[in-house]
Chemist: 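Below is the structure I would like to discuss, written out as structure tokens.
The first residue in the sequence is number 1, and the count goes up from there.
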Amino acid sequence: MLQSSPLRQLAPTIARRVRNPRTIARLASTPQCFAPATASPSVTTQRWHSSHDNSRPPSSSSVNPDEISHFNALAATWWDPHGSSRALHLMNPLRHDFIQTCRSSSPTSSFTVLTEDSGDELPSISPDAATHSTTANVQKLRYLDIGCGGGIFAESAARLPTTESVLAIDPSPGVLAIARSHAKKDPSLSPKLTYLSSTIESLPTLKPEAVEKKFDVVSCFEVIEHVDHPALFLDHVAKFVKPGGWLVMSTIARTWTSWFTTNFMAEDVLGIVPKGTHDWNKYINEYELRGYFEETEEKRRFWGQPRAMGVVYVPGLGWKEVPGSEKVGNYFLGVQRLASEDA
């Protein structure tokens, strides 16, 4: 079959990668940072299990300087619909769809947003979209977009008439400069959209009122697989979600399939994603991320049942929801805050 298939041309490259001892080691074993809490203590084990993480002070940043440098280098092409961030542009409607699904599942939510699937054409989300939904008695929402990058989601959220405000933060100065420059092209964004150079750990110091008021929607899209200590990161993020609010994320499962599609094909073969964008060792399986919110009685009291949605990129059609695909590749996960800190 391989002899008559176009994959034959890729076989030597695949063989070289798989023969590489480092690649074999990565794919043949689960990284220790996701090992059960009963595993022998190590710095890598502690990376995920925050309850056992004594390797760095709670106030330190989970941001990796190499990640900041990488994304700063991509800043100039962030708003190029056919550039290195094309996949993010195409995924943006699904982000809004997922938030709508999460909030509509809660009896306390009255949030309605319609997004239009336009296939592989890059979509835009404008206030006009909301004219198709009932806007009477709709709660105005406060968003916190963590790791906002060039502002693809932040801008689209700020344009919704159901939005009160969007605070978008990112530690990459080059990327934030692009975000601010692009937002200036639309003066209507100014009253509702604020960009801030900050990590989630330093946000209470830079903007203390953010902690006081908290947010209806806290988003971390394509972020958690780029931080060094995801559990510690989520510990900080949780402080900003108001009771009844939602934390929504998207990331990638750590499987053979995701390595082949995101590392080998997307970066090495097709070049549609810049090399070095993804570190397979940092990918987080859906059950691992879900487990963070269910690992203790305290967390089960504070958080609702996590909701997951698997998505697959289909050439010519864009990103599509595919039930079950959260186990092997890209997925969204959302969880509602049920209780306050002092509950």
Side-chain angles (χ1 to χ4, degrees), residues 17 22-23 25-35 44 47-48 62-64 66-67 70-71 74 84-95 97-99 102 145-149 152-153 170 219-231 233-234 237 247-293 306-315 318-335:
R17 286 294 298 269
R22 294 179 61 187
T23 301
R26 291 189 320 180
L27 298 174
S29 63
T30 299
Q32 288 183 333
C33 58
F34 298 100
T44 50
R47 187 172 80 86
W48 176 250
S62 55
V63 173
N64 186 311
D66 292 337
E67 297 277 4
H70 175 79
F71 287 105
L74 303 178
S84 59
S85 298
R86 177 173 176 79
L88 301 182
H89 286 270
L90 293 171
M91 186 181 281
N92 205 43
L94 282 180
R95 296 168 171 175
D97 289 345
F98 184 66
I99 292 172
C102 288
D145 188 23
I146 302 170
C148 63
I152 295 172
F153 174 75
D170 199 284
S219 57
C220 304
F221 294 128
E222 287 73 55
V223 169
I224 197 168
E225 70 271 21
H226 296 290
V227 303
D228 283 345
H229 294 257
F233 171 77
L234 288 176
V237 169
L247 169 58
V248 290
M249 300 165 281
S250 59
T251 188
I252 311 172
R254 191 180 63 261
T255 64
W256 272 94
T257 301
S258 65
W259 172 82
F260 183 79
T261 57
T262 65
N263 293 93
F264 180 71
M265 291 300 297
E267 294 188 18
D268 295 345
V269 177
L270 301 177
I272 58 177
V273 176
K275 285 193 176 186
T277 297
H278 297 114
D279 180 351
W280 183 85
N281 288 286
K282 287 186 172 183
Y283 290 2
I284 301 176
N285 290 321
E286 185 268 348
Y287 72 86
E288 293 169 332
L289 190 54
R290 177 185 296 269
Y292 168 86
F293 300 98
R307 301 174 59 93
M309 182 178 81
V311 295
V312 173
Y313 179 76
V314 181
W319 290 94
K320 298 294 180 182
E321 178 182 358
V322 178
S325 64
E326 64 272 13
K327 307 299 182 183
V328 297
N330 292 77
Y331 66 94
F332 289 86
L333 189 138
V335 59

Chemist: Just checking, is any N or O donor in the side chain of T261 or Y313 under 3.5 Å from an acceptor N or O on the other one?
Modeler: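 Y313 and T261 do not have a side-chain donor-acceptor pair below 3.5 Å.
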
Chemist: Does any non-hydrogen side-chain atom of F332 lie less than 4.5 Å from one of V248?
Modeler: no

Chemist: Would you call D170 and D145 a side-chain contact if the rule is heavy atoms closer than 4.5 Å?
Modeler: no

Chemist: Quick one: does I152's side chain get under 4.5 Å of H89's, heavy atoms only?
Modeler: yes

Chemist: Taking all heavy atoms of L333 and all of F293, pick out the closest pair and write down the distance.
Modeler: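 Minimum heavy-atom contact is CD2-CE1, 4.0 Å.
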
Chemist: What closest approach, in Å, do V311 and W319 show between heavy atoms, and which atom pair accounts for it?
Modeler: CG2-CE3, 3.8 Å

Chemist: Relative to the ring of F153, is the ring of F221 parallel (under 30°), tilted (30 to 60°) or perpendicular (over 60°)?
Modeler: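 Perpendicular.
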
Chemist: Y331 and I252: which non-hydrogen atoms are nearest, and at how many Å?
Modeler: CE2-C, 3.9 Å

Chemist: Side chains of L247 and L234, heavy atoms from C-beta outward: is any pair under 4.5 Å?
Modeler: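 Yes, close enough: below the 4.5 Å cut-off.
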
Chemist: On a heavy-atom basis, which atom in T255 and which in V328 lie closest, and how many Å separate them?
Modeler: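 Looking at all heavy atoms of both residues, the closest pair is OG1-O, 2.6 Å.
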
Chemist: Would you say the side-chain atoms of E326 pair up with the backbone N or O of G324, donor to acceptor, closer than 3.5 Å?
Modeler: yes

Chemist: Rounded to the nearest 0.5 Å, how far does CZ of F98 lie from CZ of R307?
Modeler: 7.0 Å

Chemist: Answer yes or no: is there a donor N or O on one side and an acceptor on the other, between the side chain of N285 and the main chain of Y287, under 3.5 Å?
Modeler: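 No, the answer is negative, given that no donor and acceptor are paired below the 3.5 Å cut-off.
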
Chemist: Do you know which two heavy atoms are closest between H226 and E222, and how far apart they sit?
Modeler: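 Heavy atoms of H226 and E222 come nearest at CD2-O, 3.3 Å.
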
Chemist: Is there side-chain contact between F233 and C220, with heavy atoms separated by less than 4.5 Å?
Modeler: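 Counting from C-beta outward, F233 and C220 do come under 4.5 Å.
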
Chemist: Can you tell if the side chain of C102 reaches within under 4.5 Å of the side chain of I99, non-hydrogen atoms only?
Modeler: no

Chemist: Quick one: CD1 on I224 to OH on Y292, what's the gap to the nearest 0.5 Å?
Modeler: 8.5 Å

Chemist: Determine the minimum heavy-atom distance between L94 and M309, stating which atoms define it.
Modeler: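 What the structure gives for the nearest pair is O-CE, 4.2 Å.
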
Chemist: Side chains of K282 and D228: does their closest heavy-atom pair fall under 4.5 Å?
Modeler: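 Of all side-chain heavy-atom pairs linking D228 with K282, at least one is under 4.5 Å.
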
Chemist: Kindly indicate whether the side chain of N330, heavy atoms from C-beta on, has any atom under 4.5 Å from the side chain of S325.
Modeler: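 In short, these two side chains do not touch, never coming nearer than 4.5 Å.
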
